[in-house]
A.B. asks: 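Let me give you the structure first, and then I'll get to my questions.
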Number of protein chains: 2
Amino acid sequence: MPRPRSLTHDQIAAAALAVIDRDGPAGLSMRAVGSELRMSTMALYRYVRDREQLEGLVVAGVLASAELATPPEAPWTERLTLLVERVRAAVAAHPSVVPLLLLHRHDSAASLAWGEAMLGVLTEAGFSGVQRVVAFRALLSYLIGALQVEHLGPLSGTGTVAIAGLPSADYPHLAATARDARSVPPEQEFGQGLAILLRGLECGPQPR
Amino acid sequence: MPRPRSLTHDQIAAAALAVIDRDGPAGLSMRAVGSELRMSTMALYRYVRDREQLEGLVVAGVLASAELATPPEAPWTERLTLLVERVRAAVAAHPSVVPLLLLHRHDSAASLAWGEAMLGVLTEAGFSGVQRVVAFRALLSYLIGALQVEHLGPLSGTGTVAIAGLPSADYPHLAATARDARSVPPEQEFGQGLAILLRGLECGPQPR
DNA sequence: GTCGTAGGCGTACGCCATACACCTACAAGG
DNA sequence: CCTTGTAGGTGTATGGCGTACGCCTACGAC
């Protein structure tokens with residue numbers, strides 16, 4: 001009956017994402033999002049319980065951009081690769097959102113749906129019971145960890161350069177590896193790591 | 001010549017860790033650590049540049065408790081498992097430190113030394129060049145991600161319970177898997193996931 | 001036109017990190 | 001033993017944050 005709402009959750013999430021993309025994760029504040037929407041800070045609270053819920057909206061928005069359908073005739077390893085790579089791509093488009101993703105990866109419908117899709121493929125591949133639990137958590141851990149390692153590294157890649165310059169006397173392997181790492185693009189590194197994990201799932205004592 | 005220092009970095013790290021263990025990650029503040037040390041807030045700044053450096057000290061302290069020596073005659077997979085499990089154990093003793101670990105895993109001598117130890121084993125196992133880079137990053141990503149998934153989950157495990165209660169109609173696989181997951185202790189889940197990854201390193205097209 | 005609901009906003013409070021200026025405890029040099 | 005300069009410890013102040021609360025008012029229903 002009274003005045004209609006003038007904002008949607010989607011608009012709010014988009015505004016917050018814009019702030020984060022522009023000013024980095026530390027730039028996100030209720031004040032900043034408010035003025036991004038040309039509203040007062042407190043107006044936001046008509047739409048959002050608190051800052052935490054707003055962060056959840058941002059994460060949900062990013063995850064929702066990942067397609068969940070996979071070709072049913074493709075091998076299960078390939079289908080899982082698709083699902084994982086799509087999340088990686090969605091996040092790579094907004095690197096500054098990684099710290100929020102770590103805290104809110106659980107509490108959105110988009111993330112539940114992604115998990116459901118992953119488990120669907122694993123189930124069709126023959127995984128069940130504890131093996132399915134372990135396989136899913138291993139893939140999830142790798143994905144989460146890789147995002148974190150890639151985007152929250154020591155200034156996202158410049159750290160590798162710094163490590164490459166370490167005194168070879170103190171850290172010979174580390175310095176050498178960091179030098180090698182400079183020639184490996186992040187996508188390739190991510191993909192190959194994922195391939196290793198999937199190979200372990202394929203050829204383990206509990207195959208199928 | 002003037003007055004001697006009355007605090008060491010170790011004492012400060014221990015105090016901050018005590019605060020975190022008692023009040024959780026959000027309880028960490030310069031004020032809290034100051035009063036834990038029976039000093040004023042600002043006294044801390046004589047020993048520490050800013051809050052970020054203090055966080056680094058805490059992480060360094062936790063990581064330093066992980067032993068780095070491994071039996072040279074053991075298989076390389078077992079030696080890597082030891083190194084990874086020790087970090088997991090060190091962190092599991094102070095779960096609230098996980099968010100800080102994610103941000104500061106790079107900037108302490110302890111973490112560099114751990115990386116060096118891991119790479120030493122990988123090198124002895126025959127890995128080199130890009131393969132060594134990929135293997136190391138895969139293991140690191142899994143470790144980081146698993147810590148995050150385990151300790152920053154939806155309230156650390158209670159979330160699994162919540163998911164298990166989801167409407168099976170909407171998320172059938174997710175609900176079933178969450179039910180299965182309740183019977184798997186976290187250490188076993190972590191260990192089996194790591195085993196999968198190591199198996200992938202062993203039996204891949206680029207073994208040795 | 002009237003009215004009640006709920007949108008939008010201003011103010012204020014308590015927390016945080018931290019810059020700065022001050023006092024003072026103490027080791028070194030006499 | 002006394003002086004002195006350095007650096008330790010502290011109090012105060014600033015500017016940011018999230019958000020509780022209360023006010024005004026635009027608006028749909030009647």
Side-chain angles (χ1 to χ4, degrees), chain A residues 1-60 96-97 99-104 107 152, chain B residues 1-60 96-97 99-104 107 152:
Chain A
M1 310 175 184
R3 189 154 147 191
R5 311 208 120 205
S6 52
L7 253 42
T8 67
H9 272 183
D10 283 349
Q11 289 173 306
I12 293 173
L17 190 55
V19 169
I20 292 177
D21 283 341
R22 186 181 346 108
D23 302 333
L28 181 69
S29 72
M30 302 301 276
R31 285 167 168 81
V33 176
S35 72
E36 179 78 20
L37 289 166
R38 303 173 158 281
M39 292 227 166
S40 81
T41 308
M42 293 312 292
L44 267 182
Y45 284 88
R46 292 282 171 189
Y47 298 88
V48 141
R49 194 182 341 107
D50 53 15
R51 180 200 166 107
E52 191 169 335
Q53 192 188 342
L54 181 130
E55 293 177 353
L57 289 178
V58 175
V59 172
S96 297
V97 100
L100 297 185
L101 177 71
L102 302 183
L103 292 167
H104 297 280
D107 56 24
L152 268 69
Chain B
M1 308 180 179
R3 189 150 143 192
R5 310 209 122 204
S6 53
L7 252 43
T8 66
H9 273 184
D10 283 348
Q11 288 173 307
I12 293 172
L17 189 56
V19 170
I20 292 177
D21 284 340
R22 185 181 347 109
D23 302 333
L28 182 68
S29 73
M30 301 302 274
R31 283 167 167 76
V33 176
S35 71
E36 178 78 20
L37 290 166
R38 304 170 158 280
M39 291 225 167
S40 81
T41 307
M42 294 311 292
L44 268 181
Y45 285 88
R46 292 283 170 188
Y47 298 88
V48 142
R49 194 183 338 107
D50 53 15
R51 180 199 166 105
E52 192 169 334
Q53 191 188 342
L54 181 128
E55 293 177 353
L57 289 178
V58 174
V59 172
S96 297
V97 99
L100 297 185
L101 177 71
L102 302 182
L103 293 167
H104 296 281
D107 57 24
L152 269 67

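Numbers restart at 1 for each chain; the letters A, B, ... are given by sequence-line order, proteins then strands. Just so it is clear, the values below take in all heavy atoms, side chains as well, and ignore hydrogens, waters and symmetry mates.
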A.B. asks: For A:Ser29 and D:dC17, is the shortest distance between a side-chain N/O and OP1 or OP2 below 4.0 Å?
C.D. replies: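 Checking D:dC17 against A:Ser29, a side-chain N or O does come within under 4.0 Å of OP1 or OP2.
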
A.B. asks: Is the closest side-chain heavy-atom distance between A:Leu44 and A:Leu37 below 4.5 Å?
C.D. replies: yes

A.B. asks: Whole-Å distance between D:dA20 P and A:Leu44 CG?
C.D. replies: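 Going from A:Leu44 (CG) to D:dA20 (P), I get 14 Å.
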
A.B. asks: Between atom CD1 in B:Ile12 and atom P in D:dG8, what is the gap in whole Å?
C.D. replies: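 That distance rounds to 11 Å.
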
A.B. asks: Kindly compute the distance separating CZ (A:Arg46) from CG (A:Leu7), expressed to the nearest 0.5 Å.
C.D. replies: 13.0 Å

A.B. asks: Just checking A:Thr41: base, sugar-phosphate only, or nothing, at a heavy-atom cut-off of under 4.0 Å?
C.D. replies: base

A.B. asks: Which nucleotides of nucleotides 21-30 of chain D have their base under 4.0 Å from a protein heavy atom (B), which only their sugar-phosphate (S), and which neither (-), written as one string 5' to 3'?
C.D. replies: B---BBBBS-

A.B. asks: Whole-Å distance between C:dA19 P and B:Asp50 CG?
C.D. replies: 8 Å

A.B. asks: Considering the terminal five base pairs at each end of the helix from C:dG1-D:dC30 to C:dG30-D:dC1, what angle separates the two local helix axes, rounded to 10°?
C.D. replies: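 End axes: 0° apart.
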
A.B. asks: Of the candidate nucleotides D:dG18, C:dA17, C:dG7, which contains the atom at the shortest distance from the side chain of A:Ser6?
C.D. replies: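 Selected nucleotide: C:dG7.
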
A.B. asks: OG of B:Ser96 to CG of B:Leu152: how many Å apart, nearest 0.5 Å?
C.D. replies: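 Going from the OG atom of B:Ser96 to the CG atom of B:Leu152 covers 9.0 Å.
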
A.B. asks: Roughly how many Å is it from CD in B:Gln53 to P in C:dA17, rounded to a whole number?
C.D. replies: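 Rounded to the whole Å, the gap is 15 Å.
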
A.B. asks: Tell me the interatomic distance from A:Arg51, atom CZ, to D:dC17, atom P, rounded to whole angstroms.
C.D. replies: 9 Å

A.B. asks: Which heavy atom in A:Ala32 sits nearest to a heavy atom in A:Gly27, and how many Å separate them?
C.D. replies: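 For A:Ala32 and A:Gly27, the tightest heavy-atom pair comes out as CB-O, 3.7 Å.
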
A.B. asks: Nearest 0.5 Å please: distance from the CE atom of B:Met30 over to the CG atom of B:Asp50.
C.D. replies: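 Here the interatomic distance stands at 7.5 Å.
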
A.B. asks: Between the base of D:dG18 and the side chain of A:Arg31, is one N or O donor paired with an acceptor at under 3.5 angstrom?
C.D. replies: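 Pair found.
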
A.B. asks: Taking A:Tyr47 for the side chain and A:Ser6 for the main chain, is one N or O donor matched with an acceptor at less than 3.5 Å?
C.D. replies: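 Checked: pair present.
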
A.B. asks: Grab the two heavy atoms, one from B:Arg49 and one from B:Gln53, that are nearest each other, plus how far apart they are.
C.D. replies: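 Here B:Arg49 and B:Gln53 meet closest at N-OE1, 2.8 Å.
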
A.B. asks: How would you label the contact of B:Arg5 with the nucleic acid (heavy atoms, under 4.0 Å): base, sugar-phosphate, or nothing?
C.D. replies: sugar-phosphate

A.B. asks: Let me spell it out: for each of B:Leu28 and A:Tyr47, pick the nucleotide of DNA chain C with the closest heavy atom. Which residue's pick is nearer the 5' end?
C.D. replies: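 Result of the comparison: A:Tyr47.
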
A.B. asks: Which pair of non-hydrogen atoms, one from A:Val58 and one from A:Ala13, has the smallest distance, and what is that distance?
C.D. replies: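 Taking every non-hydrogen atom into account, CG2-O, 4.2 Å.
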
A.B. asks: Rounded to whole angstroms, how far apart are CE on B:Met39 and P on D:dT10?
C.D. replies: 6 Å

A.B. asks: Rounded off to whole Å, could you give me the CE-to-P distance for the B:Met30 and C:dC15 pair?
C.D. replies: 18 Å

A.B. asks: Kindly indicate whether the side chain of B:Val48, heavy atoms from C-beta on, has any atom under 4.5 Å from the side chain of B:Val33.
C.D. replies: no

